[in-house]
Structure formats: C-alpha cells, structure tokens
Visitor: 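I have a structure here, written as structure tokens, and I will follow up with some questions on it.
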Amino acid sequence: MRVNLLWGIILMSLFFWYSNVQGYSFYYRGSIEAKYSHYDLKNDTLLNPNRDLSAFSTYQYFLEPDFVFELNNDKGARLVAKTRIPWKKNTQEHDSEIVVDNLYADITIFPELFLTVGKFNLQDGVGLSYNPSSFLEAKKTIDYSKSEEEQKQDQEGLYLARVEWIQENYTLSLVTIPGISSLQEENTGVLSKLSTTFDSYDLAFHYYHGDYPLFGTNFSSTIGDSLGIHWESGLKKGSQQKILTTVSEIIPASGIYSYDTAYRENEDQIYIKNLIGGNYTFPNKLNLIVEYYYNQEGYSNKEWQDFIDIVSANNNYYLNPPFSLDPGIFSQNLGLANFIMNYKYMRENYLFFRASYPEFLGQFNLTLALLFNIDDKSSVAMPGIKYAIDQQSTVALSWSIFSGKADSEFGLLSWHNEGRIIFSYFL
Amino acid sequence: MIKKNLLVVSVVFFLTSVVFSTTPSENLQTLKRKSNAVSKLNAKEILEKVDNIRAPGTNFVFKLEVVPYKNGKKAPAQKLTVRVKDHDKSLVEFTYPPANKGRLLLMNSNNMWIYIPGTRQPIRISPQQRLLGQVANGDVARVVYSIDYQAKIINRSKKYIKLLLKAKKGNVQYGQIVLFVNRKNFYPEKALFYTKSDRLLKTAYYKDYQEVLGKLRPQLVEIHDELRKGQYTVMKYSGMEMKNTPGSYFQKSYLKHLIR
C-alpha cells in the first residue's frame with residue numbers, strides 16, 4: 001500500500017507538472033458488489049481426505065467497492081486510478097485489503113505517440129476463456145466466480161512503462177517491466193507488439209523477452225453480419241508448469257517418498273498454446289461463443305496419471321499410515337499437490353462454450369457457460385440469471401457446478417458446486 | 001362619371017382576374033416542374049437526399065437516448081454520444097446507465113470494435129450484436145444508407161417513392177431494406193429491414209421532424225421488432241452539431257487513450 005501511495009504521489013506530481021494546472025476535467029465511475037456464496041462441500045476428496053487438510057467454509061460474504069477515477073487535461077494527459085477494496089468473511093477468515101489495479105499517467109507526447117507510466121493492467125489476446133498471448137498477467141490472483149470479462153477487468157496491474165505509436169493502419173508498442181522485487185514478483189522484461197488492421201482482419205504479433213522468450217499472435221475477423229472468428233497463439237521456451245518431484249525415499253525400498261515442487265527440467269523445449277474460437281449472434285439477440293484451446297504446457301495423460309498416483313498413494317498413507325509414520329508427512333505431500341493445482345490450465349485440451357441471452361423478458365440476462373476438460377471429461381458449468389432492478393442496480397443468481405471423476409481436474413475440487421447471489425449497485 | 005367608374009371596375013376586375021388566374025397556374029406549373037424533377041431523380045440521387053436529411057454533413061456529433069418498450073412498458077434506457085467522421089466512421093460513447101459508462105463502440109468502414117474500460121484491447125464484434133432492445137450496434141453507428149446499400153426504385157405512388165436497398169457487401173447488417181420516401185420532400189418515413197434470407201426483422205418509423213442545422217430532420221426513430229410483436233425501441237436524437245472529431249479517435253488502438 002505504501003508503494004501504491006508513493007506511486008500515486010509521483011504520478012500526480014508528473015501530471016501536474018505536465019499539465020501546468022490548467023484545463024482539467026474529472027471523470028469517474030464505480031460499483032459496489034455484495035455477494036453471498038454457498039459451497040456444497042464434499043466430505044472427502046483425494047486432495048483433502050475427510051476435509052482434514054482444509055476445513056473449507058460452507059459460505060462466504062463478500063463486499064467489493066470498485067472505483068475508477070480519471071483526471072484529464074486538455075493538453076492530452078490523463079491520470080487514471082482503479083482501486084478495489086474486497087472484504088470477505090467466512091468461518092475461516094475475516095479479511096479486507098486495498099487492491100490497486102491501475103494507477104498510471106497516460107501522456108500524449110505527439111498526436112500519434114503516447115507514454116504510459118505506472119501500474120497498469122495490461123492484457124492482450126482475443127480469446128475469452130484463455131489468452132495464450134497475454135504474457136503479463138500470469139502471477140495475479142483471479143476471482144473465477146466472476147464473468148470472463150470481469151476477471152480481466154479486476155486484476156492487479158504491473159508496474160511498467162509503455163510507449164505506443166499509433167498510425168492509420170498499424171500500432172507499435174514497446175513495454176518495459178522493471179524487475180524491482182519491492183514492487184512486483186516479475187523479473188525485468190520487454191514486450192514489443194505490432195498490431196494492424198487490413199480489410200476486415202485484425203492481426204497482432206507480440207514478442208516478450210524476459211525469464212522466458214515468448215511469441216504470440218492474434219487474429220480476429222467477422223464473416224457476414226453475425227459471425228465472428230478469432231485465433232490466438234503463443235509459443236514459449238521452457239515451462240512454468242509445476243510438477244511434483246521426489247526428494248527422498250522415507251523408508252528405503254518402501255516406495256514411500258517425500259516430495260517437493262519444481263518446474264519441468266527441459267528448459268529448451270518450445271511449448272505451443274493455441275486458441276481458436278467463434279461467436280454467432282442470432283436475430284433474437286442470442287449470442288453463442290465456442291472456443292477450443294490447446295495448452296501444450298499442461299499435463300499429458302502420462303504426467304497426469306503419475307500425479308494422480310502420487311496423490312492417491314499419499315491420500316491412502318495419510319488415512320492408514322504405514323510403518324506407524326507421522327500422517328503429517330503425507331498431509332504435507334498432499335498440500336504440495338494442492339499448491340500446484342492451477343485449475344483450467346492443468347491439462348492440454350479444453351472446450352469453452354457460452355450462450356448469453358440479453359434482455360430476456362425485458363430485464364433478465366441469461367447466461368450458460370461451460371468449460372470442458374477434453375482430456376479427463378471433467379467440467380464446470382456456470383448458469384446464471386441477472387435482473388436489472390433499475391438503471392443503477394442489478395441482482396444476479398449464478399452457480400458453478402463441477403463434475404468429473406474423483407481423479408479428474410474438476411473432480412479434485414473440494415466442493416460439488418457453488419451458488420451465489422450478487423447485488424450490484426453502479427455509481 | 002359612369003365611364004370613369006366603369007373603367008376603374010374594369011381595371012380592378014382585370015387585375016383581379018389576372019392575379020387569380022395566374023397564381024394557380026404558376027403553382028401548378030411549379031408542382032409539375034417539381035414532380036418532373038422527382039420523377040427524373042434516379043434511385044441513387046433520392047437515397048442521397050434521404051441521407052442528407054438523416055445526416056447534416058460528413059463530420060458531426062449528436063446525443064442519443066435508446067429506450068426499449070415491451071407491450072407499452074418502458075424498460076431501462078441507454079444514453080450515448082455519437083461522433084461521426086467522413087460518413088463511414090463513428091465512435092459511440094456510452095454515458096448512461098452507470099453500469100455501461102465509459103464503454104466505446106467504434107465503427108470504421110465495415111469493421112466494428114467494442115472497448116470496455118479497464119480491459120485489454122478493443123474486441124472485434126459483428127454489426128448484428130445488439131446494443132439494446134431492437135437496436136443493433138450498426139443502427140446507431142451507421143447514419144447513412146448509401147455507404148452500404150445500392151438503391152433501386154420499386155414503386156412510385158402519389159405519396160411515396162419506394163426504394164429497395166440491397167447490400168453491397170456481405171458483412172452489412174441487413175440483406176435488404178425497403179425504404180418509404182416522402183415524394184414531396186424526400187423525408188424517410190418508414191423502413192423495412194430484412195435478413196439475407198428475406199425474413200422481415202424490423203420496421204422503423206422516422207418521426208418528430210424538427211429544424212436542426214438548417215433542415216427538418218427526424219428526431220425520433222421507432223424500431224418495431226417483427227419477430228416479437230409488441231416490442232419496440234425508441235431512439236431519440238438531440239444535440240446535433242457540426243464538429244470535426246480528430247481522425248485519430250477512429251483508430252482502434254487510440255480508444256484506450258481517449259480523453260472524455
């Protein structure tokens with residue numbers, strides 16, 4: 001928070017210096033969201049036997065004011081701040097924090113040249129469910145109970161400096177991310193991007209030079225008046241997917257091991273990630289989106305089976321400790337397995353589908369989203385209904401229904417489903 | 001004396017008869033000339049006249065309130081500010097309700113993007129994607145017909161010239177439009193919007209003609225849903241002014257830098 005405040009003062013000073021205290025306009029928007037979530041907990045899962053490792057709460061109250069402020073001047077400078085103050089309470093914790101998603105100055109140097117400095121939620125890509133070419137958002141906390149669009153909006157930004165040159169048919173961007181440990185986890189990196197539009201096609205190329213060299217491509221277009229298509233691709237050298245590795249055999253020749261987590265060893269391997277999708281809007285406003293994504297960095301069938309074998313064995317040892325060993329050894333191993341679970345990115349092949357029907361019966365908005373893991377046939381279905389009470393407030397009911405075998409990705413979660421009622425007020 | 005009075009009466013009678021005989025004949029001739037002029041105009045010229053009524057020029061700005069109705073009951077409205085440049089570029093800013101405040105819709109030629117503040121890059125969308133009620137994005141962002149449609153006269157009645165507008169390209173919002181143009185003044189009065197498979201989708205009525213920027217222009221357009229009877233949306237125009245918005249505003253990459 002102190003760092004955010006310091007940045008706020010620096011940026012404000014820069015802004016006032018640049019704008020020379022004249023010709024200001026102020027713009028704001030905001031919302032307050034109150035949410036009650038109920039979790040239908042499982043009594044026992046492979047990762048959480050008898051709910052002993054994590055005593056999840058069956059409910060959670062959540063309140064989140066979210067504000068955006070913009071101070072503009074007529075010389076083409078803007079100071080933008082977006083902050084959220086999430087507060088949550090359940091049987092396990094009672095917590096609140098201040099999250100600064102954006103706090104940056106955006107300065108027009110020439111009519112076509114822009115400088116952006118500060119904390120900025122920079123995301124790329126054309127996919128809705130997955131963005132293999134968005135390289136600067138990986139290490140941030142995301143609330144998966146929010147819609148795909150809200151997940152992208154409500155993410156803490158990175159400290160960066162960006163220069164953008166906008167021409168009629170193309171745009172060049174250069175972004176530097178300083179690797180300052182007191183500011184952020186990310187190491188120093190440089191992202192360059194070329195985006196262009198020709199005829200009815202949008203095309204973009206990204207190259208990131210940092211811990212791992214990354215290359216990304218985006219393409220989107222419309223066909224006719226109702227169909228949109230998009231494709232997004234990412235190439236990555238080395239993997240950031242964690243795996244369980246054996247540290248030592250606890251009792252010689254017993255096959256009982258202690259574990260640790262590590263990245264895959266093969267740092268030179270190129271990993272491919274691809275997303276292809278389309279959307280279609282019917283004359284009655286029904287909008288369908290279908291996306292398939294391939295994540296080569298995810299676990300292959302063999303890797304997943306190895307992972308499940310380790311989890312199953314440690315689950316069994318925890319419940320029935322062999323050689324009178326301390327069950328804590330096995331709960332620690334299961335804790336490591338929990339730690340590396342990165343839901344919706346664990347495997348290689350996924351299918352995403354979303355149908356939304358706005359203004360159903362006038363003031364209702366219906367949605368049904370489904371994320372299907374093709375590799376293990378587990379899924380999460382997310383139906384929802386939103387009602388516009390008036391011009392400034394909505395109330396919504398939504399669910400996340402998880403299904404799959406006990407050893408599948410979504411089957412490993414500690415609850416069968418999550419139901420939510422959300423009240424939103426917009427300022 | 002009698003002769004003098006007779007002379008005066010004769011002169012007055014002559015002058016009166018001249019006045020009353022020539023004026024109607026002149027009016028009739030004017031009407032005939034105008035009628036001939038109307039009949040001489042081809043479909044393209046008529047459509048240009050219609051477009052000039054709807055749009056005051058190539059670069060202008062206006063405000064729009066979009067109010068959907070269902071069975072006569074008013075639903076929540078949206079307020080927008082629309083900037084138009086060179087006829088085929090439009091930038092729509094959502095100003096109300098607060099939930100949508102700050103969103104931007106950009107149309108450049110036949111390409112359309114939406115930008116939601118706080119998110120990544122603008123997302124390419126199709127013209128069919130709906131804004132609110134019976135109004136699609138393209139209905140707001142595109143203010144003239146002649147860019148996207150080729151006109152053909154299909155009927156001339158005493159009151160209307162009926163134009164058939166056929167899509168020039170496949171990526172426009174409607175397959176064809178039947179436009180009812182007032183024969184006297186070229187006011188658009190009614191339009192029937194069809195899908196590419198000739199299914200009637202919507203009917204629009206152009207109403208509330210008021211003098212704006214030197215010409216009578218419709219300030220209200222009522223769009224009736226032909227698939228769901230009883231549902232319609234009213235688009236109210238206001239604050240129309242000639243304004244040249246900088247060209248950079250219509251670049252998709254510029255949207256995130258736009259100062260409100």
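Owing to the predicted nature of the structure, the values given are computational and were not obtained by experimental measurement. Letters A, B, ... are given to chains in the order of the sequence lines, protein chains preceding strands, and every chain is numbered from 1.
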Visitor: On a heavy-atom basis, which atom in A:Thr281 and which in B:Ser126 lie closest, and how many Å separate them?
Guide: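 A:Thr281 and B:Ser126 have their closest heavy atoms at OG1-OG, 4.1 Å.
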Visitor: Could you check whether atom NZ of B:Lys74 has more than 12 heavy atoms from other residues, nucleotides or ligands sitting under 6.0 Å from it?
Guide: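 No - once you tally the heavy atoms of other residues, nucleotides and ligands closer than 6.0 Å, there are 12 at most.
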Visitor: Can you tell me which of A:Ser226, A:Ser393, A:Ala388 forms the most heavy-atom pairs within a distance under 4.5 Å of chain B?
Guide: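 Looking at each of A:Ser226, A:Ser393, A:Ala388 in turn, A:Ser226 comes out on top.
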Visitor: Do B:Pro246 and A:Pro111 have side chains that approach each other closer than 4.5 Å (heavy atoms only, starting at C-beta)?
Guide: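 In short, these two side chains do not touch, never coming nearer than 4.5 Å.
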Visitor: More than 12 foreign heavy atoms under 6.0 Å from OH of A:Tyr201: is that the case here?
Guide: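 Counting neighbours around OH of A:Tyr201, 12 or fewer heavy atoms of other residues, nucleotides or ligands fall under 6.0 Å, so no.
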Visitor: Got a second to check how far B:Leu258's CG is from A:Asp106's CG, nearest 0.5 Å?
Guide: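 Answer rounded to 0.5 Å: 10.5 Å.
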Visitor: Measure A:Asn287 against the heavy atoms of chain B and call it side chain, backbone, both or neither at under 4.5 Å.
Guide: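 A:Asn287 touches chain B through side-chain heavy atoms alone.
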Visitor: So do the side chains of B:His257 and A:Thr108 get within less than 4.5 Å of each other, counting heavy atoms only?
Guide: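 Side-chain contact under 4.5 Å: no.
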Visitor: Give a yes or no on this: more than 12 heavy atoms of other residues, nucleotides or ligands lie within 6.0 Å of atom CZ of A:Phe110.
Guide: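 Counting neighbours around CZ of A:Phe110, 12 or fewer heavy atoms of other residues, nucleotides or ligands fall under 6.0 Å, so no.
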Visitor: If you tally heavy-atom pairs under 4.5 Å against chain A, which of B:Ala75, B:Ala99, B:Pro97 wins?
Guide: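 The candidate making the most pairs under 4.5 Å is B:Ala99.
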Visitor: Checking heavy atoms, do the side chain of A:Asp101, its backbone, both or neither come under 4.5 Å from chain B?
Guide: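 Neither the backbone nor the side chain of A:Asp101 comes within 4.5 Å of chain B.
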Visitor: What part of A:Thr116 lies closer than 4.5 angstrom to a heavy atom of chain B: side chain, backbone, both or neither?
Guide: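 For A:Thr116, the contact with chain B is made by the side chain alone.
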Visitor: Quick one: pull up NZ in B:Lys101 and OH in A:Tyr28 and give me the separation to the nearest 0.5 Å.
Guide: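 Output value for this atom pair is 5.0 Å.
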Visitor: Please flag which part of A:Tyr170 lies under 4.5 Å from any non-hydrogen atom of chain B: side chain, backbone, both or neither.
Guide: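 Neither part, no heavy atoms under 4.5 Å.
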Visitor: Given B:Ser253, which partner from the list A:Thr196, A:Thr171, A:Leu172 fulfils the side chain to side chain contact (heavy atoms under 4.5 Å, CB included) test?
Guide: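 Exactly one candidate clears the test, A:Thr171.
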Visitor: How long is the straight-line distance from CD1 of B:Ile125 back to CG of A:Asn279, given to the nearest 0.5 Å?
Guide: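 So the CG of A:Asn279 and the CD1 of B:Ile125 are separated by 9.5 Å.
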Visitor: Which word best sums up how the rings of A:Phe114 and B:Tyr254 line up, parallel for under 30°, tilted for 30 to 60°, or perpendicular for over 60°?
Guide: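 Perpendicular, since the angle between the ring planes exceeds 60°.
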Visitor: Name the region of A:Glu112, side chain, backbone, both or neither, that has any atom closer than 4.5 Å to a heavy atom of chain B.
Guide: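 For A:Glu112, there is no contact with chain B at all, as no heavy atom is under 4.5 Å.
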Visitor: For atom CD of B:Glu189, decide whether the heavy atoms of other residues, nucleotides or ligands shown that lie under 6.0 angstrom number more than 12.
Guide: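 More than 12 within 6.0 Å, yes.
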Visitor: Report which part of B:Tyr69 has an atom under 4.5 Å of a heavy atom belonging to chain A: side chain, backbone, both, or neither.
Guide: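 For B:Tyr69, there is no contact with chain A at all, as no heavy atom is under 4.5 Å.
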Visitor: Tell me, out of A:Ala204, A:Ser221, A:Ser195, who's got the most heavy-atom pairs with chain B below 4.5 Å.
Guide: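 The residue among A:Ala204, A:Ser221, A:Ser195 with the greatest pair count is A:Ser221.
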Visitor: Using non-hydrogen atoms and a 4.5 Å limit, figure out which bit of A:Gln391 sits close to chain B: side chain, backbone, both or neither.
Guide: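 Interface part for A:Gln391: both.
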Visitor: Can you tell me which portion of B:Lys70 sits under 4.5 Å from chain A's heavy atoms? Options are side chain, backbone, both or neither.
Guide: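 For B:Lys70, side-chain heavy atoms alone lie under 4.5 Å from chain A.
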Visitor: Side chain, backbone, both or neither: which part of A:Ser31 has a heavy atom under 4.5 Å from chain B?
Guide: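 Nothing of A:Ser31, per the 4.5 Å heavy-atom cut-off to chain B.
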Visitor: Heavy-atom cut-off 4.5 Å, strictly under: side chain, backbone, both or neither for A:Leu427 against chain B?
Guide: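 A:Leu427 touches chain B through backbone heavy atoms alone.
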Visitor: Identify which of A:Gln363, A:Gln392, A:His230, A:Glu164 forms the greatest number of heavy-atom pairs closer than 4.5 Å to chain B.
Guide: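 Greatest number of close heavy-atom pairs with chain B: A:Glu164.
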Visitor: What part of A:Thr197 is in contact with chain B, defined as an atom under 4.5 angstrom from a non-hydrogen atom: side chain, backbone, both or neither?
Guide: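 Contact with chain B: side chain only.
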Visitor: Would you give the length of the straight line joining atom CZ of B:Phe250 to atom CD of A:Glu168, rounded to the nearest 0.5 angstrom?
Guide: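 Spacing of CZ (B:Phe250) from CD (A:Glu168) equals 12.5 Å.
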Visitor: Where do A:Ser220 and B:Arg124 come nearest, in terms of heavy atoms and distance?
Guide: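 A:Ser220 and B:Arg124 have their closest heavy atoms at O-NE, 3.6 Å.
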Visitor: Looking at CZ of B:Arg103 and CZ of A:Arg29, how far apart are the two atoms once the value is rounded to the nearest 0.5 Å?
Guide: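 So the gap between those two atoms works out to 9.5 Å.
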Visitor: Could you list all the side chain to side chain donor-acceptor pair (under 3.5 Å) pairs where at least one residue sits in residues 238-252 of chain B, not counting sequence neighbours?
Guide: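 Those involving residues 238-252 of chain B are B:Lys85-B:Asn244.
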